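Contents: one structure, followed by commentary.
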Amino acid sequence: MSLTGNNAQGITTKAAYILTDSRQVSFPEQSIFFAIKGVRHDGHQFVPELYESGVREFVVEEASFSEALRTLTSQWDDAQIWVVPSAIRALQKLVSEKRRQFDIPVVGIAGSNGKTIVKEWLVQLTAPGKRVVASPKSYNSQIGVPLSVWNLSKEHNLGIFEAGISQAHEMEHLQPVMQPSIGIFTNIGPAHDDGFRSRKQKITEKLRLFTKVRKLIYRKDYKDIDEEVSLILRPVNPFLEVISWGSGHSGASIQVVYDLQKDKTFIDFKGKFGEHTFETSFRDDASLENLTHCIVFLLDFGLSHSTIQERIFHLKPVSMRLELKEGINHCYIIDDAYNNDVQGLSMALNFLGQQEQRQKKTVILSDVLQTGQTPAELYGLVAKLLKEKAIDEVIGIGPEISSQAGLFELPNQHFFPDTDTFLSDFPFNTLSDSLVLVKGARPFSFEKIVHRLQQKAHGTVLEINLDALAHNLNYYRSKVGSGTKIMAMVKAFAYGSGSSEVASLLQYHRVDYLGVAYADEGVALRQYGINLPCMVMNATVPAFDLLIQYKLEPEIYSRRILLDWINYIKKINDPSEIPSVHLKLDTGMHRLGFVKDDYEWLIGQLQSHPAVKVASIFSHLVGADEGVHNEFSKHQYQQFEEGAALLEDALGYKTIKHILNSAGIVRFPDYKLDMVRLGIGLYGVEATGQEQRALQSVGTLKTIISQIKYLSSGETVGYSRKGHIEHDSAIATLAIGYADGYDRGLGNGTGQVLVNGTLCPTIGNICMDMTMIDVTSARAEEGDEVIVFGKEVPITELAKSINTIPYELLTGIGDRVKRVFYKE
Ligand SMILES: *Cc1c(COP(=O)(O)O)cnc(C)c1O
């Protein structure tokens, strides 16, 4: 091993790929790993497994380079280790050195909103003549920017990158990495971010990206931006050419007027680049602002009026959405709408790799967008990627990929010249029990393939936002810190959200434990390839066989169940097959658990049966969500501490101790102990209500309008004539009823749903499969989508209106409601 200290000149690597996340490794021998210690993860933990997988170059941080790791790595003769004070700074420095070797125009984009759209559109708008390198998705962080810029190669002649910051002093590290020559400042939001003292400071910090640009494009209607450019940027960048645009009275160098028609908009430009009018189908403020930034850039870039107009007509809305849903023949479909270039494909393959629902992996892939490589180079790389990711089957669609068919070496491969031929000729019955990634460039209309493969929904779907789920997990993680484990509760079909998909995500994000109510729920997880330790709260004697077979750990809560367990495990010869157990103490809930009077007996049993291994001791607070019970919660905690200490003493070894649920984590941070049990918070509901704003909404229940009727005063709607029409009204029937989980209590105006932005009340009684609403004041057509709950219609409000709690609504959503999982 060669070890290089922090006084070395820097990192010289031959690696083609940079790794900061051990789970995303594709070409280990050609990768350098930066071990980053964050609040939630410590990359150093994964150094050994990465070495095993073939990585040979590592950058580690002094403070986290433990004695054990030092000893281990010193035995690796073929590895190179750099020890640095900060891996992120070392990464940034390495990439900034690479960046310096390229003398091409680089566009740097900063601002509160629209960065990713402006970037993606600029790529679409410039790509026909340019070989562009750009940030993938919204890779704009301290790590995302260097990872993006690292992709620069000699084929490229234009770079387009975005930079986002959440605190002061971050941008000064991104400027040298990106070294933009042209800047675009998209806009500034009114929100006051936690990381900044004021809006002014936020602008000033963002402007640091532009200290060396030659040109800066911004909208002069944002007075604050304009002021800070003059006050702060000009003095440090005196040769800066400012290209400002704005409304007629803004004094901008380009005056812009939007002329909104019924189905299109004309954008008039006057000033610096002469007079121009462009036409677009976009009509909303945000899209028009984003597009104007792009047009100003293109005018300055020297493109002709007709070229710009032509390209605007072909501009596609940006979709970064990736959906996971059930398909035909027991398949799972991953439908990824993001760019079909090598990077987009590689990210989609990583997501595919995280899914555990099916063993077999199929990729349906169109021709891949290329930037400057020959088809042989490009598809050689694609073929290598598919092989590295252990894909079983590839279906290539398009003339180019078909012409390179010889490069692919998978067990199963088929090629088709176009989408329609595939749809008519492919034997779909052969595609079964597989995870299928569908990834096509837009002209190939792969939505037709998704439509063919997906199970038909009856109109009501529960969409689960996987990014929001991860966000919520990380929020609670940052609250409890890395010293406390997390058991994620996925009982009751993961609170109605879909156990296997949610558990896959939790496994990927490395939670420590899962918790389910019944053995069957644990078995289902194991069958989906989830191998995290898993506690079963209500295991009964008939289910003990399953516990052994599937390595599930029972909760032991009473004398009877303990004796049953002791009796049962006597029959097992190999002690390593016996799962550990979790002792539940009843400190006041009076549901399940040992009470004080049991302790002596319990200790006797545990001491005389050491085959009963105790993984953890826990209890449950009865009123963590309500301040009025604080005294009682304190009392419960004290009871628990005493009981657990007594039991641990008697056992003679340490166990994991835990008492907090989601609400407890917020209200009683001092009681976090060794582990917390996170439930409803994961799914976006902050049960105390104090920190709801920090969580993201996870589930959106959507349905559609099946029919609209126009009724006159005096008529009635629904069963028992409960809905009275008082004025002439438009009444819509929705494809959702109480059998889907839309509670009957929400009828007769108690519940409201969102129709094209307008809240509409229910009218009449809720039926089993249908609900009627009053859409008189809304824009509504048959077939329109309706939001039952979600970000705009909080489930907490809905629950309150019928005197229940979000838990009940979530877990009551019917089986026939399809779950669709997505990430951006
Ligand atoms: C369900 C459950 C939790 C999680 O509770 P939330 O309020 O959803 O966070 C924790 N502990 C036990 C024992 C549970 O049954």
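Counting convention: from 1, in listed order, for ligands and their atoms alike. In what follows, every heavy atom counts, from backbone to side chain, and hydrogens, waters and symmetry copies are set aside. When a residue number appears, it is its place in the shown sequence, counting from 1. Note that this is a predicted model, so its numbers are computed, not measured.
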For Tyr495, atoms of ligand 1 separated by under 4.0 Å from a heavy atom: 1 (C), 4 (C), 5 (O), 6 (P), 8 (O)
Any N/O pair Leu678/ligand 1 closer than 3.5 Å: no
Considering only distance and modelled atom types, tabulate donor-acceptor pairs under 3.5 Å from the side chains of residues 608-619, sequence neighbours left out.
from, atom 1, to, atom 2, distance (Å)
Ser608, OG, Gly604, O, 2.8
Ser608, OG, Gln605, O, 3.4
His609, ND1, Gln605, O, 3.0
Lys613, NZ, Pro575, O, 3.4
Lys613, NZ, Ile578, O, 2.9
Ser616, OG, His582, ND1, 2.6
Ser616, OG, His658, NE2, 2.8
Ser619, OG, Leu585, O, 2.7
Ser619, OG, Thr587, OG1, 2.8

Parallel, tilted or perpendicular, as decided by the 30° and 60° cut-offs, for the rings of Tyr495 and Tyr683: parallel
Ligand-side contact atoms (ligand 1) for residue partner Ser662, heavy atom cut-off under 4.0 Å: 6 (P), 9 (O)
Nearest-neighbour protein heavy atom for atom 7 (O) of ligand 1, which is reported as residue plus atom name and distance: Tyr807 OH, 2.6 Å
Parallel, tilted or perpendicular: rings of His635 and Phe632 (30°, 60°): tilted
Thr796 to Pro806 - nearest heavy-atom pair and separation: CG2-CG, 3.9 Å
Numbering as shown, the atoms of ligand 1 that approach His620 to under 4.0 Å (heavy-atom distance): 10 (C), 11 (N), 12 (C), 13 (C)
Heavy atom of the protein closest to atom 5 (O) of ligand 1 (residue, atom name, distance): Asn661 CB, 3.5 Å
Check: Gly679 N/O within less than 3.5 Å of ligand 1 N/O: yes
Backbone or side-chain N or O of Arg677 under 3.5 Å from ligand 1 N or O: yes
Under-4.0 Å salt bridge between Arg321 and Asp467: no
Side chains of residues 567-574: which donor-acceptor partners sit under 3.5 Å, not counting sequence neighbours?
from, atom 1, to, atom 2, distance (Å)
Tyr568, OH, Asp545, N, 3.3
Tyr568, OH, Asp545, OD1, 2.3
Asp574, OD1, Ser576, N, 3.0
Asp574, OD1, Ser576, OG, 2.8
Asp574, OD2, Ser576, OG, 3.1

Atoms in ligand 1 with a heavy atom of Ile680 nearer than 4.0 Å: 6 (P), 8 (O), 9 (O)
Identity of the nearest option to atom 15 (O) of ligand 1, non-hydrogen atoms only, from Met589, Met489, Lys491: Lys491
Criterion salt bridge (Lys or Arg N to Asp or Glu O under 4.0 Å) against Glu463, the qualifying member of Lys702, Arg819, Lys818: Lys702
